[in-house]
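Single-structure report; data block below.
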Amino acid sequence: MAERSTTPAIGIDLGTTYSCVAAWRHDRVEIIPNDQGNRTTPSCVAFKETERFVGDAAKNEATRNPTNTVFAVKRLMGRRFSDVSVQSDMKLWSYKVIDGDGDRPNILVDYQGTQKQFAAEEISAMILTKMKEVAEAFLGSSIKNAVVTVPAYFNDAQRQATKDAGLIAGLNVMRIMDEPTAAAVAYGFDSNDVSSAVKKNVLIFDLGGGTFDVSLLSISCGVIEVKTTAGDTHLGGEDFDNCMLNHFVEEFRRKQRKDISSNPRALRRLKTASEQAKRILSTTTETAVHLDCLYEGIDFYSAITRARFEELNIDLFKKCIETVKRCHEDAGIDKNDIDVVVLVGGSTRIPKVQQLLKDYFSGMDLCKSIHPDEAVAYGAAVQAAKLSGQGTEEIKNLVLIDVTPLSIGIEGLGDITNVVIPRNTPIPVQKKVVRKTVVDFQSNVTFKIYEGERVRSEDNNLLGQFSLYDIHRAPRGETKFNVTFEIDINGILHVSAEEPISGGKKQITLINREGRLSKEEIDRMVHEAERYRIEDDQFKKKVLAKNSLEDEAYSLRRLMEDEKVISKVASGYLEYTAGAVDKVINWLKHDVPKDVYVYNSKKKELQEMCSKLSEMSL
Ligand code: AMP
């Protein structure tokens with residue numbers, strides 16, 4: 001059982017487009033509003049000459065400062081620069097992604113007057129830090145422990161990258177939790193199905209900003225058990241926006257014979273307008289996009305109907321339904337045996353998606369009772385409470401069983417992947433396989449570890465490889481190795497091998513993890529994240545000091561307009577004070593940020609004048 005902790009633990013839904021944080025407090029889960037009062041925060045970071053914005057402020061920067069405003073970074077997590085999806089996403093992004101070390105996609109921005117490169121993990125860490133700060137401000141205590149969610153269909157590298165982002169943000173990631181499982185927890189508690197003795201088959205349909213997950217679970221007697229999961233880590237609202245964006249870019253090309261696709265600002269404005277239009281089309285059947293001076297002084301005006309939007313995206317929508325079919329078929333459960341279909345994720349508001357799903361389930365009513373944008377953070381907060389020994393008895397006794405989304409295997413003869421842990425195996429899991437040498441008197445051996453469902457290794461995803469040297473030399477097939485595969489509770493793989501004969505054990509944990517940050521890189525990033533945080537803090541303090549000086553100057557100016565002051569204070573002193581106030585206001589207008597003490601000492605001077613004026617007018 002978890003040890004009871006007194007400090008709160010939080011649940012963070014780290015989304016492609018929006019993130020959400022929640023915590024267990026006052027015997028319930030509370031979704032925590034950010035400094036703007038919003039319950040979700042844009043997963044967006046903007047870099048400027050003097051400061052860095054995360055969340056709403058960053059999203060507002062997107063059209064003004066498109067090349068330095070980073071969004072949808074979840075789509076880069078754990079991926080290689082050469083990935084087809086990275087290459088195609090980059091074309092539609094207004095910020096630059098370059099080929100970093102080891103085929104890693106690095107984000108290039110101008111920050112504080114210099115060009116800086118950031119790994120996707122670092123940008124995600126900035127978003128996690130923001131969510132942590134939002135929670136700290138709300139709960140009034142510092143926070144270290146968090147459960148962070150990932151799409152169920154995230155692979156090993158993507159999970160590891162998310163965990164590393166948590167490390168860089170200075171969080172203790174207690175658990176990497178699958179988003180649909182978190183949503184199922186929210187559903188289970190909301191409907192009370194979790195404590196019912198009647199077993200229900202629940203299908204979670206989670207279509208968010210950038211990822212799509214389907215999980216089939218059984219819920220009863222305090223146990224939430226994932227049977228199967230399926231999905232696409234690159235399918236969601238962003239793709240629907242991009243389809244509409246491409247449609248408008250084409251229209252502009254056709255009508256104006258001009259290509260706006262190489263202009264980041266125009267592209268960003270049109271993308272924002274496309275997302276808005278998409279949202280409107282979920283409630284109306286037609287809408288318009290109107291952007292003044294979109295490109296080379298030309299205005300853009302276009303109308304789009306819901307039917308046209310659906311036509312543009314129908315292949316993607318149909319793909320969602322095919323994934324649903326695969327998910328329940330993998331579990332050997334007929335669609336008629338599914339009791340509830342729960343909608344999660346902002347994109348499930350699209351009427352066509354709902355209609356296709358309803359049709360597939362022969363007209364069954366879809367469950368819309370849990371909040372599509374908040375359910376995942378809710379479930380993560382329940383898990384965080386459980387792991388830190390907080391919450392009700394029901395939470396403490398809750399059992400969650402997850403599965404691994406992709407098969408894990410080892411390369412065998414003929415470049416074939418031999419599956420060791422098949423997909424949808426409950427986790428944690430440990431499996432051992434015995435391998436033999438393939439060449440007479442072989443002295444070294446290399447193991448290549450893959451994930452994926454294909455037979456040929458080259459069609460699967462290489463997770464990493466490692467070698468054992470100076471092994472026992474013997475005719476082919478005589479030297480044996482025990483290779484152990486372990487998938488931990490976070491869905492992260494650990495592989496080790498031993499060759500028992502050559503004296504003692506040779507054990508190596510999966511190293512050379514493709515594209516993974518090294519320990520040194522993570523340490524450096526932790527250090528830099530802390531430096532950025534301190535710089536942000538100092539900047540914030542300067543802004544506050546500046547604003548406070550400005551407030552003081554204007555309130556002194558108002559005081560001087562007071563009848564009582566005018567009648568009682570000598571005109572010479574009034575003139576002197578007015579001059580001092582004007583000087584400060586002017587100075588502030590042309591001010592480059594100064595040290596806090598400069599603002600504070602000027603404020604003190606004004607405060608003294610203010611008290612003197614008040615005294616004189618008594
Ligand atoms: P999530 O990651 O679950 O927060 O989902 C965010 C995605 O949902 C974004 O792509 C939004 O554009 C999309 N979304 C939110 N509201 C709507 C809506 N009313 N209609 C269509 N898509 C929406």
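Quantities reported herein were computed from a predicted structural model and do not represent experimental measurements. Counting starts at 1 for both ligands and their atoms, in listed order. The analysis underlying the following values was restricted to heavy atoms, covering all of them including side chains, and did not include hydrogens, waters or symmetry mates. Residues take their numbers from the sequence shown, with the count starting at 1.
- Scanning the protein heavy atoms around atom 20 (N) of ligand 1, the nearest turns out to be Ser282 OG, 2.6 Å.
- Scanning all protein heavy atoms for the shortest distance to atom 11 (C) of ligand 1 gives Glu275 OE2, 3.3 Å.
- The side-chain contact (heavy atoms from CB on, under 4.5 Å) test with Val194 is passed by exactly one of Val382, Ile395, Leu398, Val223: Leu398.
- Note on ring orientation: taking the six-membered ring where Trp is involved, the planes of Phe361 and His328 are tilted (angle from 30° to 60°).
- Ring centers of Phe71 and Tyr95: under 6.0 Å apart, within the cut-off.
- Without hydrogens or angle criteria, Asp193 side chain to Phe189 main chain gives no donor-acceptor distance under 3.5 Å.
- The distance from ligand 1 to the heavy atoms of Gly237 drops below 4.0 Å at these ligand atoms: 10 (O).
- Residue contacts with ligand 1 for Ser347 involve both N, CA, C or O and side-chain atoms from C-beta outward (heavy atoms, distance under 4.0 Å).
- Backbone and side-chain nitrogen or oxygen atoms of Lys278 are examined, and one is located within less than 3.5 angstrom of a nitrogen or oxygen of ligand 1.
- For ligand 1, the polar-atom distance check finds an N/O of Arg349 within less than 3.5 Å of one of the ligand's N/O atoms.
- The number of heavy-atom neighbours closer than 6.0 Å to NZ of Lys318, taken from other residues, nucleotides and ligands shown, is 12 or below.
- Around atom 17 (C) of ligand 1, the closest heavy atom drawn from Pro372, Gly346, Ala183, Gly210 belongs to Gly346.
- Each of His290, His247, Glu251 was evaluated against Ser302; a single residue qualifies, Glu251, per the side-chain hydrogen bond (donor to acceptor under 3.5 Å, both in side chains) test.
- Among protein heavy atoms, the minimum distance from atom 4 (O) of ligand 1 is reached at Tyr18 CB, 4.0 Å.
- For atom 2 (O) of ligand 1, the choice among Pro151, Ser19, Gly209, Ala377 with the nearest heavy atom turns out to be Gly209.
- Numbered from 1 in the order shown, with element, the atoms of ligand 1 that lie under 4.0 Å from a heavy atom of Ile350 read 21 (C).
- By the 6.0 Å contact criterion, NZ on Lys96 is open, its count of non-hydrogen atoms from other residues, nucleotides or ligands being 12 or less.
- At the top of the distance list for atom 6 (C) of ligand 1, counting protein heavy atoms only, stands Thr17 OG1, 3.3 Å.
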